[in-house]
Amino acid sequence: MVTSSSACGKAILLGEHAVVYGQPALAVPLPDLSAYAKVEPLPTGSGIVIEASDLGRSVTYPALNLDNQDLFARGLQTTIGNALAALQLDEVPPLSIKLHSQLPPARGLGSGTAVTIAIIRALARFTDVLLAPEVISELAYRTEILYHGHPSGIDNTVIAYERPIYYQRGKMLSLLEHIPAFTLLIADSGIASQTRGAVEQVRRAWQAQPTRCEALFERIGRLTAAGRVALEAGDWPELGALMNADQCLLAELGVSSPEIERLNAAALQAGALGAKLSGGGQGGCIIALVDAATTETTAQALRTANARQVWKVDVHDADWD
Ligand code: MEV
């Protein structure tokens with residue numbers, strides 16, 4: 001019997017980086033961009049063979065010799081080990097797991113987290129166990145620590161719950177409902193965004209200049225709180241303005257890049273209501289908030305500004321009702 005599961009990508013509308021320091025952040029799931037895991041029993045053996053054909057990688061669990069630098073393989077070992085324990089499987093079943101992702105890796109869209117959660121869901125479905133979103137999120141968080149060092153937990157939360165969230169560490173999670181529909185353009189700068197490196201750089205800046213950085217985090221937190229109100233009210237000009245303000249603060253934190261600035265400027269000149277990096281930054285993707293009148297011109301402007309790829313994402317309640 002073959003079982004398949006998926007997990008979506010994510011975009012952070014407001015609040016990345018500051019969320020690591022206890023400020024709130026707003027994130028939405030991207031169901032049109034997902035990762036998939038297909039689990040199939042193997043006739044013999046006692047290990048799990050994971051194939052990621054998109055990356056040309058094949059990894060076995062449990063691995064005998066693990067290269068410490070190979071985060072992909074270490075992430076898979078952590079994910080599968082924790083999932084098997086949560087599913088109370090004492091013996092490793094002989095399985096094949098085939099991975100496929102529509103999400104470009106290292107672009108701030110949650111590709112690694114989506115793969116992790118797709119695997120956890122596929123193993124749970126294979127063993128006929130229902131895992132609650134908070135359990136899936138917690139399991140994925142353990143892999144996030146390995147990938148990102150000091151993750152806030154926002155990526156595993158929004159992807160495990162597959163709902164727009166207002167997230168603040170240590171506070172009760174707010175799942176946002178009845179949000180009016182809106183459209184994002186996501187444009188890939190073509191430059192890899194290493195969340196771990198960006199988070200570490202911000203940490204070094206904070207250690208060197210705590211007062212300056214904490215003031216920036218607090219300003220980001222305030223505009224994120226205002227962004228939640230704008231999002232729930234469908235006040236898109238206000239949300240766009242807050243995204244632009246957030247982008248300026250993220251640039252002050254040192255996580256923007258010339259490519260991101262170029263794509264943001266192209267989107268805004270073409271009429272987007274707001275544009276900013278999303279995720280770790282220093283590369284990766286930008287998100288632009290657009291209305292019906294400016295979607296096509298903005299998408300064209302982003303392509304002309306050398307975006308590697310542009311996705312139009314309609315965010316609406318029907319996706320998660
Ligand atoms: C990564 O998607 C978002 C960051 O804020 C890191 C984190 O929250 O763990 C940059």
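Both counts, for ligands and for their atoms, begin at 1 and track the order of listing. Numbering of residues begins at 1 and proceeds along the displayed sequence. Not measured: the values here are computed from a predicted model.
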Checklist entry - Could an N or O of ligand 1 be found under 3.5 Å from any N or O of Thr195, whether backbone or side chain? => result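 Between Thr195 and ligand 1, no N or O pair is found under 3.5 Å apart.
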Checklist entry - Got an N/O contact under 3.5 Å between Lys10 and ligand 1? => result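 There is such a contact, yes.
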Closest approach of [X] and [Y], non-hydrogen atoms and distance?
X: Val255; Y: Ile260; answer: O-CD1, 4.2 Å
X: Gln247; Y: Ser256; answer: NE2-OG, 3.0 Å
X: Gly283; Y: Ser257; answer: N-OG, 3.9 Å

Next on the checklist: Tell me the protein heavy atom at minimum distance from atom 5 (O) of ligand 1, and give that distance in Å.
Outcome noted: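 Its nearest protein heavy-atom neighbour is His17 N, 2.8 Å.
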Checklist entry - Of the protein's non-hydrogen atoms, which lies at the shortest distance from atom 3 (C) of ligand 1, and what is that distance? => result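 Protein heavy atom at minimum distance: Ile12 CD1, 3.7 Å.
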Could you tell me, atom by atom, which parts of ligand 1 come under 4.0 Å of a heavy atom of [X]?
X: Asp155; answer: 1 (C), 2 (O)
X: Ser152; answer: 7 (C), 8 (O), 9 (O)
X: Ile154; answer: 8 (O)
X: Glu16; answer: 5 (O)
X: Pro151; answer: 9 (O)

If only atom types and distance count, is the side chain of [X] paired as donor or acceptor with the main-chain N or O of [Y] below 3.5 Å?
X: Gln77; Y: Thr60; value: yes
X: Arg169; Y: Val19; value: no
X: Asp54; Y: Ser101; value: yes

Checklist entry - Given Val19, Val199, Val255, which one has a non-hydrogen atom that is nearest to atom 6 (C) of ligand 1? => result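 Selected option, by shortest heavy-atom distance: Val199.
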Item to check | Glu144 contact mode with ligand 1 (heavy-atom cut-off under 4.0 Å) | outcome: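 It is neither part, as no heavy atom is under 4.0 Å.
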Checklist entry - Without hydrogens or angle criteria, can the side chains of Ser96 and Glu51 be said to hold a donor-acceptor pair below 3.5 Å? => result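 Note: Ser96 and Glu51 side chains miss the donor-acceptor criterion.
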Checklist entry - In terms of the angle between their ring planes, are Phe217 and Tyr21 parallel, tilted or perpendicular, with boundaries placed at 30° and 60°? => result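 Ring orientation, 0 to 90° scale: parallel.
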